[in-house]
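One structure below.
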Amino acid sequence: MSSLLKTQHIQELIKKASGLTVEGGDARLKKITERFLTDTIRLIEDFNVTPSEFWYAANYLARVGQSGEIGLVVAGLGLEHFLDLLQDKVEEEAGLDVKSGTPRTIEGPLYIEGAPLSKGEARLDQLAENGEVLIMEGQVKDVAGKPVSGAIVDVWHANTKGNYSHFDQSQPAFNLRRRIETDGEGRYKFRSILPSGYAVPPEGTTNQFLKSIGRHGNRPAHIHFFVSAPGYRKLTTQINIEGDEYIYDDFAYATRDGLIPPVVRHSTAAEIQAKGLNEPFVTIHFDFTLHREEAGLPAAEVERLHAPA
Ligand code: MBD
Ligand code: FE
C-alpha cells in the first residue's frame, strides 16, 4: 500500500500544522508537534484506523480528562515508571551513583500538599478502623550513612479499603497523610494502620481501557513518601507491603528491588504492653538514603499539578 504520509502534500500539511512555516512560537514545541502528527498519521495508516475509530479515541481522551483520571492512565500505561527509569539513566550519565541511594518510584496521582507537620513522630490514622496497627520507623541518611536531621518525610497511604483521604469523602481531611521532620539523629517514626491495595474505580475511564486490553487495575498495598532536606536531592518513593498478591503484578509497575521491607508481626503480651497498645501490631523498619545535590544534575523536583487541599 502506498503511503499518503510520504506525499509532498501531507508533508507540507504537517509542517504547516506544526507552525514550522510561520514565525514566532516555541521552536521545540513545533518540532514535537511535527513528530506527534507524523507518528499519529503513520499509526492511522499502518492500522487502517477508520474515522469512527479515530473519533472514538479522541472522545475517550476527552472523557479521561473530564473524569480526572489522566494520572491513572499515565501510571497504568507504565509511562510514569518509564519516566523513573529514564531519570535514573540521566542521573547516572551525569555522574551520580544512583544505586547508592534509595530507589525512586512513581508519585502516583493521589498526593495532597500541606499535610500536618510534626517533629520526630506522628500518628497518621484519625479514624477507628479495623486495620492492623502499624509502627514504621527509620532514619534518613546520606550515601555515606550520615544521619540527616531536619529532613521532611512526607508520607501518604490508603486505608483498609484502598482509598485515599481527600479523594474519598468518608475520610477526614489529611487522614493517613503527614509530614514528619527527622530528629537530631535523622530519625522519623509514625503510627498508622496497614493499608490495603488500591484498585482503579471499576466504572472509570481507566478501567474501561484496561479491561479492553485484558488488564486489571490493581496495585499492591503500599506507602508513599517524599523525602527532602536542604542540600539533598528530593526522593519520591514507595514501599510495598510484603506478601501482597499484586507485588509483582502492579498495574502501575512501581515495585522495585529494595522497596519491600520486612513486616514484623508482634503479638506477645510483653511486646504489646511495651508499646502501650492493647492489640497485636506490625513494625516496619526502613531507612531512606538521599543523594547530595550537585551542580550538573537534572532537577530532582518534578513539577506536577496536585489537587488543591
Ligand atoms: C495509587 O495509589 C497509586 O499509588 C498510583 C500510582 C496509581 C493509582 C493509585
Ligand atoms: Fe498510592
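In listed order, ligands and their atoms are each counted from 1.
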For ligand 1, the portion of H224 having any non-hydrogen atom under 4.0 Å away: side chain
For L110, counting its heavy atoms only, list the atoms of ligand 1 lying under 4.0 Å from any of them. 1 (C), 2 (O), 9 (C)
Could you tell me which non-hydrogen atom of L290 sits nearest to which non-hydrogen atom of A229, and how far apart they are? CD1-CB, 4.3 Å
Ranked by distance from atom 6 (C) of ligand 1, the top protein heavy atom is I106 CD1, 3.2 Å
Does an N or O from Q238, backbone or side chain, lie closer than 3.5 Å to an N or O of ligand 1? no
Between the side chains of H216 and D249, is a donor N or O closer than 3.5 angstrom to an acceptor N or O? yes
Can you check whether E137's main-chain N or O pairs, donor with acceptor, with R187's side chain at less than 3.5 Å? no
Let me check your reading of the structure: within less than 2.8 Å of the Fe ion (ligand 2), is there an N/O/S atom from H157? no
Quick one: look at P109 and ligand 1, take heavy-atom pairs under 4.0 Å, and tell me if it's side chain, backbone, both or neither. side chain
For L72, the ligand 1 atoms whose distance to one of its heavy atoms is below 4.0 Å: 7 (C), 8 (C)
Y164 near the Fe ion (ligand 2): N/O/S under 2.8 Å: yes
Please state whether A254 comes within less than 4.0 angstrom of ligand 1, counting heavy atoms only. no
Is any NZ, NE, NH1 or NH2 atom of the basic residue among K31 and E34 found under 4.0 Å from an Asp or Glu carboxylate oxygen of the other? yes
Using heavy atoms and a threshold below 4.0 Å, how should the contact between R219 and ligand 1 be classified: side chain, backbone, both, or neither? side chain
In L235, T236, T237, the residue satisfying side chain to side chain contact (heavy atoms under 4.5 Å, CB included) with T105 is T237
Residue of the set E107, H157, R219 for which side chain to side chain donor-acceptor pair (under 3.5 Å) holds with Q238: R219
Which atoms of ligand 1 sit under 4.0 Å from any heavy atom of Y198? 2 (O), 8 (C), 9 (C)
